[in-house]
Asker: 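Here it is: the structure, laid out below.
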There are 2 protein chains.
Amino acid sequence: MKPTTYAILGQLAFRPWAAYELVKEMRRNFHYFYPRAESGLYAELKKLDQLGLARSESQTKGKKDRLVYTITEEGRKVLRDWLNTEPSSFHLEFDGLLRLFLSRFGGPGVVQNALIKTRLDSEELLELAQKVGREYLTGIAPAQSEIVLRACVFDFLVHYALLYKDWAIKTETYLARASQLKQEDSIELAKDSIRTTMKKFGMEGAQLGYNPTPPPPSRGL
Amino acid sequence: MKPTTYAILGQLAFRPWAAYELVKEMRRNFHYFYPRAESGLYAELKKLDQLGLARSESQTKGKKDRLVYTITEEGRKVLRDWLNTEPSSFHLEFDGLLRLFLSRFGGPGVVQNALIKTRLDSEELLELAQKVGREYLTGIAPAQSEIVLRACVFDFLVHYALLYKDWAIKTETYLARASQLKQEDSIELAKDSIRTTMKKFGMEGAQLGYNPTPPPPSRGL
DNA sequence: GGACACATGTAACGGGTTACATGATTTC
DNA sequence: GAAATCATGTAACCCGTTACATGTGTCC
């Protein structure tokens with residue numbers, strides 16, 4: 001019983017699904033916070049059947065047979081038990097940030113690349129979120145009756161996407177600025193940035209290393 | 001050559017490290033956006049040596065020998081090449097959100113559990129971030145000279161942590177409120193939430209499904 | 001001198017992905 | 001009727017984790 005199993009079982013708990021539809025729905029629902037390769041899902045469904053947690057029934061649609069899976073009582077019980085289990089922590093892998101971190105060992109395009117990729121991906125997510133949001137508002141979403149819970153997921157996902165987008169944009173600006181400064185000034189800029197973030201969120205220590213009277217930048221004349 | 005390899009190689013590019021220190025530093029640096037089991041890192045170091053991307057030299061500290069790894073020219077080249085490669089997308093696994101999504105199939109504590117766990121984890125990250133931030137501001141951070149780039153990472157991580165914390169808190173409130181409403185009202189609440197989020201971020205379609213004159217809640221008398 | 005954290009691994013296991021395979025169905 | 005897309009898998013592989021194993025400083 002691996003986590004993936006429960007994700008599928010959970011999706012099955014809403015209603016019976018034909019394999020393909022189930023897979024598509026899971027992509028739509030989980031892709032951004034619980035991504036799994038589609039091939040794995042088909043395999044997992046077979047196993048659920050073998051274990052007696054779901055039953056498959058062949059239905060004819062058009063000329064092709066398709067397997068429709070239904071959760072069993074046993075399946076519901078297993079799912080319920082898992083849900084009463086301790087959740088594990090969120091877990092992120094952010095390649096772009098790693099590259100930024102190491103960017104001084106690469107060519108000049110590394111940072112740009114990482115930030116652009118981040119922005120594009122976040123925008124893709126935002127598109128999707130927008131589409132889904134509209135569906136719920138117009139009442140045509142496939143899981144309309146689940147709207148109360150789904151609104152939480154929606155909310156998370158939108159803010160999550162915006163985190164990346166905003167970060168990518170502001171970081172681009174920040175690094176562009178920093179690259180035009182003398183080293184010591186760029187260091188001050190960095191400290192300012194850290195200080196600002198800390199202050200913004202009420203973290204203690206934000207006043208550290210503060211230069212009380214920064215010499216005004218001498219402009220000509 | 002897997003991503004982990006490059007992460008280590010990258011860390012090695014800053015300076016030579018004794019295995020243990022390297023592992024600790026990587027934990028500190030990458031744990032929240034590129035987590036890897038420590039045992040794997042030791043194994044990976046050996047492989048870097050075999051491949052000629054790093055060289056290990058035994059040094060004596062106290063009475064015990066420790067291997068100190070240094071990146072080679074070849075290693076730097078490999079790292080550089082990788083950095084010029086396309087980054088992959090960010091990739092999140094958020095068990096808590098999955099559980100929230102499926103919470104109606106579990107007992108009553110599921111949602112609470114998921115939200116509490118989320119908040120605790122986010123607070124842990126915030127603690128760490130605060131500590132690191134202070135180190136940079138006071139100038140005692142181990143990679144002080146990297147401050148310009150690290151400030152970006154810091155910024156991301158703080159906002160990332162706050163995303164979870166804020167979300168957990170507001171979701172708790174939202175769901176508590178929703179659970180006290182009649183079903184139709186909770187649906188309106190959900191739609192409002194979706195609408196608000198969409199509007200807040202300038203997404204089109206936020207006006208959909210809007211009930212122009214919601215009947216004022218009738219209060220007694 | 002017993003306990004506990006430090007420091008470094010290794011062997012086995014397992015979950016998940018990649019890449020491919022195959023028929024059916026629609027499209028032009 | 002050729003090409004593309006739908007629908008469903010499967011077999012191989014690989015990356016990473018878990019769970020241990022072992023010696024060594026260090027603290028009371």
Side-chain angles (χ1 to χ4, degrees), chain A residues 1-9 11-12 16-28 30-31 33-51 54 56-69 82 86 88-89 91-95 98, chain B residues 1-9 11-12 16-28 30-31 33-51 54 56-69 82 86 88-89 91-95 98:
Chain A
M1 282 298 123
K2 46 195 156 183
T4 314
T5 317
Y6 299 109
I8 298 188
L9 208 49
Q11 195 61 48
L12 235 31
W17 295 87
Y20 188 72
E21 316 301 329
L22 193 259
V23 167
K24 286 306 167 227
E25 181 69 9
M26 291 196 61
R27 170 178 203 62
R28 180 188 143 103
F30 300 153
H31 182 63
F33 63 89
Y34 220 82
R36 292 295 176 257
E38 310 200 337
S39 63
L41 302 184
Y42 288 107
E44 207 54 29
L45 277 171
K46 303 235 119 164
K47 212 165 68 185
L48 284 180
D49 194 358
Q50 275 163 30
L51 293 173
S56 67
E57 209 177 337
S58 113
Q59 242 177 45
T60 316
K61 180 222 179 184
K63 253 160 230 153
K64 195 169 190 186
D65 274 8
R66 35 174 40 200
L67 287 182
V68 175
Y69 289 84
W82 176 73
E86 268 299 282
S88 45
S89 306
H91 171 120
L92 172 66
E93 253 159 80
F94 188 2
D95 188 43
L98 177 63
Chain B
M1 285 296 123
K2 48 195 155 183
T4 313
T5 317
Y6 299 109
I8 299 189
L9 208 48
Q11 195 60 48
L12 235 31
W17 295 87
Y20 187 72
E21 316 300 329
L22 193 258
V23 167
K24 285 309 167 224
E25 181 70 8
M26 292 197 61
R27 169 179 204 60
R28 180 188 143 102
F30 299 154
H31 182 64
F33 64 89
Y34 220 82
R36 292 292 175 261
E38 310 200 337
S39 62
L41 302 183
Y42 288 107
E44 209 48 40
L45 277 170
K46 303 235 119 166
K47 213 164 67 184
L48 284 181
D49 194 357
Q50 276 164 29
L51 293 173
S56 68
E57 209 178 336
S58 113
Q59 242 177 44
T60 315
K61 180 224 180 182
K63 254 161 227 150
K64 193 165 191 188
D65 274 9
R66 36 174 39 202
L67 287 181
V68 175
Y69 290 85
W82 176 71
E86 267 299 283
S88 45
S89 305
H91 171 120
L92 171 66
E93 252 158 79
F94 188 1
D95 189 42
L98 177 62

Asker: Would you call Arg66(A) and Glu21(A) a salt bridge, using N to O less than 4.0 angstrom?
Answerer: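 Here Arg66(A) pairs with Glu21(A) in a salt bridge, since their nearest N and O are under 4.0 Å apart.
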
Asker: What residues form a side chain to side chain contact (heavy atoms under 4.5 Å, CB included) with Tyr42(A), not counting sequence neighbours?
Answerer: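 If we apply the side chain to side chain contact (heavy atoms under 4.5 Å, CB included) test to Tyr42(A), skipping adjacent residues, the hits are Ala19(A), Tyr20(A), Val23(A).
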
Asker: I need the CG-C1' distance between Leu45(B) and dG9(C), as an integer number of Å.
Answerer: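 My rounded result for the distance is 11 Å.
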
Asker: Any idea which of dG9(C), dG9(D), dT8(C) is nearest the Arg66(B) side chain?
Answerer: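 Shortest atom-to-atom distance from the side chain points to dT8(C).
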
Asker: Quickly work out the Gln50(A) CD to dG9(D) P distance and round it to whole Å.
Answerer: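 After rounding, the gap between these two atoms is 12 Å.
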
Asker: Output the rounded distance in Å from NZ (Lys46(A)) to P (dT10(D)).
Answerer: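 In whole Å, dT10(D) P lies 5 Å from Lys46(A) NZ.
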
Asker: Between atom CG in Asp49(A) and atom C1' in dG9(D), what is the gap in whole Å?
Answerer: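 Whole-Å distance recorded here is 15 Å.
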
Asker: For the helix from dG1(C)-dC28(D) to dC28(C)-dG1(D), how many degrees between its two end axes (five pairs per end), to the nearest 10°?
Answerer: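 The end-segment axes of the helix from dG1(C)-dC28(D) to dC28(C)-dG1(D) are tilted 30° relative to each other.
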
Asker: Between CG of Leu9(B) and OG1 of Thr4(B), what distance do you get to the nearest 0.5 Å?
Answerer: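 With rounding to 0.5 Å, CG (Leu9(B)) is 12.0 Å from OG1 (Thr4(B)).
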
Asker: Using every non-hydrogen atom in the two residues, find where Leu45(A) and Tyr69(A) come nearest and quote the distance to one decimal.
Answerer: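 Result for this residue pair: O-CE2, 3.7 Å.
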
Asker: What is the per-nucleotide protein-contact pattern of nucleotides 11-22 of chain C, from the 5' end, where B denotes a base atom under 4.0 Å from a protein heavy atom, S denotes such proximity for sugar-phosphate atoms only, and - denotes neither?
Answerer: ----SSBBB---

Asker: Grab the CG-P distance between Leu22(B) and dC6(C) for me, whole Å please.
Answerer: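 From Leu22(B) CG to dC6(C) P: 18 Å.
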
Asker: Measure OH/Tyr42(B) against P/dG23(D) and give the value in whole Å, please.
Answerer: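 Those two atoms, OH and P, are 17 Å apart.
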
Asker: Taking ring-ring contact (aromatic ring centres under 6.0 Å, His included) as the test, write out the residues that go with Tyr6(A), two or more places apart.
Answerer: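 Applying ring-ring contact (aromatic ring centres under 6.0 Å, His included) to Tyr6(A) gives Trp82(A).
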
Asker: Go through the structure and list residues passing side chain to side chain contact (heavy atoms under 4.5 Å, CB included) with Pro35(B), not counting sequence neighbours.
Answerer: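 With sequence neighbours excluded, Pro35(B) shows a side chain to side chain contact (heavy atoms under 4.5 Å, CB included) to His91(A), Glu93(A), His31(B), given in chain and number order.
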
Asker: Identify the two heavy atoms, one from Trp17(B) and one from Leu12(B), that lie closest to each other, and give their separation to 0.1 Å.
Answerer: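 Result for this residue pair: CD1-CD1, 3.7 Å.
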
Asker: If I take atom CG in residue Leu41(A) and atom P in nucleotide dT8(D), what distance separates them, rounded to the nearest angstrom?
Answerer: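 Atom CG in Leu41(A) sits about 12 Å away from atom P in dT8(D).
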
Asker: In chain order, what residues pass the side chain to side chain donor-acceptor pair (under 3.5 Å) check against Glu57(A), with sequence neighbours excluded?
Answerer: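 Scan of Glu57(A) (side chain to side chain donor-acceptor pair (under 3.5 Å), adjacent residues dropped) gives none.
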
Asker: Whole angstrom is fine here: how far is it from CD in Glu21(A) over to P in dC6(D)?
Answerer: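 Result: 12 Å.
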
Asker: Please determine whether a side-chain nitrogen or oxygen atom of Tyr20(B) lies at a distance below 4.0 Å from atom OP1 or OP2 of dA7(C).
Answerer: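 So the side chain of Tyr20(B) is within the cut-off, an N or O lying under 4.0 Å from OP1 or OP2 of dA7(C).
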
Asker: What are the two closest non-hydrogen atoms of Pro3(B) and Tyr34(B), and how far apart are they?
Answerer: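 Shortest heavy-atom contact: CB-OH, 2.8 Å.
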
